[in-house]
Amino acid sequence: MKVGVISDTHMPRFAKQLPKAVREGLEGVDLILHAGDWQSMWVYDELSLIAPVEGVAGNTDGWDIYDRFGRRKVIQLGGFKIGLVHGDGVGKTTEIRAFEAFKEDAVDAVIFGHSHVPLNIRHEGVLLFNPGSPTDKRRQPLYSFGLMTLGEEIKAEHVFFESKDYKN
C-alpha cells in the first residue's frame, strides 16, 4: 500500500492551488493522510480528486475542519496502527508532543506536522514522520511532502521540490 502524507498546506493563505509537484507526486497513491492546518475544506476536495483522504485538524483550522476530522486519530492500515495528529501544544518539542499523544496506543508510526520541518526518525521503535509543508517552507531550503510504503514494514520518504510553480 502506498500512502501520500501532507501537512501544513495553509491554503489559500500560502497557495492558491496544490503545487504541481504534489499533484504529480501523489498520483497512484491508495490514500492521502493530512496532518492538519488545511485552513480550507477546499484542500480536502482537491486532494480527493487524487485519492481518498483522511486527516486531522491543526491549530489554524476552523470549526468545519475540526468537526469533520477531529484533532487526533489512530488509523489501521495494512496491518499497522498509525497515529495522526497535528503536533501543536505547549512545552516539549513538536515531535515529542506528537509521540506522547499516542503513548498508550501502541502505534507503529506517528504522522504529524505543525513545525513545517521534515522529519523521518524512529523513536522507541515508532516511526515519527513529519512531511514538512508543500506551501510554506519557512526556513527550510525546500518545500516537501511525504510518501509511505506499507509492506512488511513501514517505510517513509520525503519528496522535496523548489517551487510552488505558480505566482501568488
Side-chain angles (χ1 to χ4, degrees), residues 1-10 14 19 21-22 25-26 28-39 43-44 47 50-61 65-66 68-162:
M1 173 179 247
K2 190 172 180 183
V3 179
V5 183
I6 192 167
S7 187
D8 298 288
T9 46
H10 293 283
F14 286 105
V22 172
L26 294 178
V29 300
D30 300 298
L31 177 70
I32 299 169
L33 297 177
H34 195 299
D37 280 359
W38 316 62
Q39 291 197 262
V43 177
Y44 171 82
L47 290 171
I50 301 168
V53 179
E54 187 56 77
V56 292
N59 61 301
T60 67
D61 291 322
I65 295 171
Y66 278 88
R68 169 68 171 80
F69 297 106
R71 291 279 290 157
R72 170 197 177 280
K73 60 183 61 165
V74 176
I75 300 169
Q76 195 81 36
L77 289 177
F80 297 100
K81 284 174 73 175
I82 299 173
L84 185 60
V85 69
H86 187 57
D88 58 300
V90 179
K92 303 182 182 172
T93 64
T94 303
E95 57 265 25
I96 294 301
R97 283 192 304 267
F99 174 76
E100 289 182 352
F102 299 96
K103 195 79 167 158
E104 305 302 317
D105 294 292
V107 295
D108 300 294
V110 174
I111 295 172
F112 64 99
H114 186 60
S115 67
H116 298 219
V117 178
L119 182 75
N120 186 0
I121 63 169
R122 294 222 176 242
H123 179 71
E124 296 182 18
V126 176
L127 173 67
L128 298 180
F129 189 74
N130 184 330
S133 174
T135 59
D136 181 17
K137 62 183 180 168
R138 293 186 178 167
R139 292 176 293 279
Q140 301 303 305
L142 299 168
Y143 299 98
S144 62
F145 64 96
L147 295 172
M148 289 177 54
T149 305
L150 307 176
E152 289 185 26
E153 62 181 340
I154 299 177
K155 295 181 183 177
E157 64 181 305
H158 289 99
V159 178
F160 295 101
F161 57 102
E162 290 186 21

Chemist: Check whether any side-chain heavy atom of D61 sits under 4.5 Å from a side-chain heavy atom of Y66, and report yes or no.
Modeler: yes

Chemist: Are any side-chain N or O atoms of R72 and backbone N or O atoms of A101, one a donor and one an acceptor, separated by less than 3.5 Å?
Modeler: yes

Chemist: Using modelled atom types only, decide if a donor and an acceptor are shared between the side chain of S144 and the backbone of V159 within a distance under 3.5 Å.
Modeler: no

Chemist: With a 4.5 Å cut-off on side-chain heavy atoms, are F145 and V5 touching?
Modeler: no

Chemist: Please give me the minimum heavy-atom distance between A156 and N120, naming the atom from each residue.
Modeler: O-ND2, 2.7 Å

Chemist: Report the C-alpha distance between E95 and V117 in whole Å, list the side-chain angles of each, state the deciding distance to 0.1 Å, and finish with yes or no for side-chain contact (heavy atoms from CB on, under 4.5 Å).
Modeler: CA-CA 10 Å; E95 57 265 25; V117 178; over 6 Å; no

Chemist: Compare all side-chain heavy atoms of V53 with those of W38 and state whether any distance is below 4.5 angstrom.
Modeler: yes

Chemist: For residues L142 and F161, report the shortest heavy-atom separation together with the two atoms involved.
Modeler: CB-O, 3.5 Å

Chemist: What I want to find out is whether K137 reaches E162 closely enough, with some N-O distance under 4.0 Å, to be called a salt bridge.
Modeler: no

Chemist: To the nearest 0.5 Å, how far apart are CG in L119 and CG in L127?
Modeler: 9.0 Å

Chemist: To the closest 0.5 Å, what do you measure between NE2 (H158) and CG (N130)?
Modeler: 6.5 Å

Chemist: Applying ring pair (Phe, Tyr, Trp, His ring centres under 6.0 Å) to F69 and H34, what does each step give before you reach the verdict?
Modeler: CA-CA 10 Å; F69 297 106; H34 195 299; 8.1 Å; no

Chemist: Taking the cut-offs as 6.0 angstrom to the six-membered ring centre and 45 degrees off its axis, would you call R68 and Y44 a cation-pi pair?
Modeler: yes

Chemist: With the threshold set at 4.0 Å, does a side-chain nitrogen-carboxylate oxygen contact exist between K103 and D105?
Modeler: no

Chemist: Is there side-chain contact between I6 and L47, with heavy atoms separated by less than 4.5 Å?
Modeler: yes

Chemist: CZ/F14 to CD/Q39 distance, rounded to the nearest 0.5 angstrom?
Modeler: 7.5 Å

Chemist: Can you confirm whether T9 sits close enough to S133 that some side-chain heavy atom of one is under 4.5 Å from a side-chain heavy atom of the other?
Modeler: no

Chemist: In Å and rounded to the nearest 0.5 Å, what is the CG to CD1 distance from L26 to I32?
Modeler: 4.5 Å

Chemist: Do we see a donor-acceptor contact under 3.5 Å between the side chains of N59 and H114?
Modeler: yes

Chemist: Between L33 and L31, is there a side-chain heavy-atom distance shorter than 4.5 Å?
Modeler: yes

Chemist: For the residue pair F112 and H86, what are the closest heavy atoms and their distance?
Modeler: CB-O, 3.8 Å

Chemist: Are any of the side-chain nitrogens in R71 or D88 under 4.0 Å away from the carboxylate oxygens of its partner?
Modeler: yes

Chemist: Any side-chain heavy-atom pair from V3 and D30 closer than 4.5 angstrom?
Modeler: no

Chemist: Determine the minimum heavy-atom distance between D108 and I154, stating which atoms define it.
Modeler: CB-CD1, 3.9 Å

Chemist: In Å, rounded to the nearest 0.5 Å, how long is the span from CZ of R122 to CG of L128?
Modeler: 9.0 Å

Chemist: Taking all atoms of both residues into account, what is the closest heavy-atom pair of Y143 and P134, and its distance?
Modeler: CD2-O, 3.5 Å

Chemist: For a side-chain contact (heavy atoms from CB on, under 4.5 Å) check, start with the C-alpha distance between F99 and E124, then their side-chain angles and the critical distance, and finish with the verdict.
Modeler: CA-CA 10 Å; F99 174 76; E124 296 182 18; 3.6 Å; yes

Chemist: Of all the heavy-atom pairs spanning S7 and G113, show the shortest one and how long it is.
Modeler: OG-CA, 3.3 Å

Chemist: Working to the nearest 0.5 Å, report the span between CG of L84 and NZ of K73.
Modeler: 7.0 Å

Chemist: Would you say that K92 contacts E100 through its side chain, given a criterion of any heavy-atom pair below 4.5 Å between the two side chains?
Modeler: yes

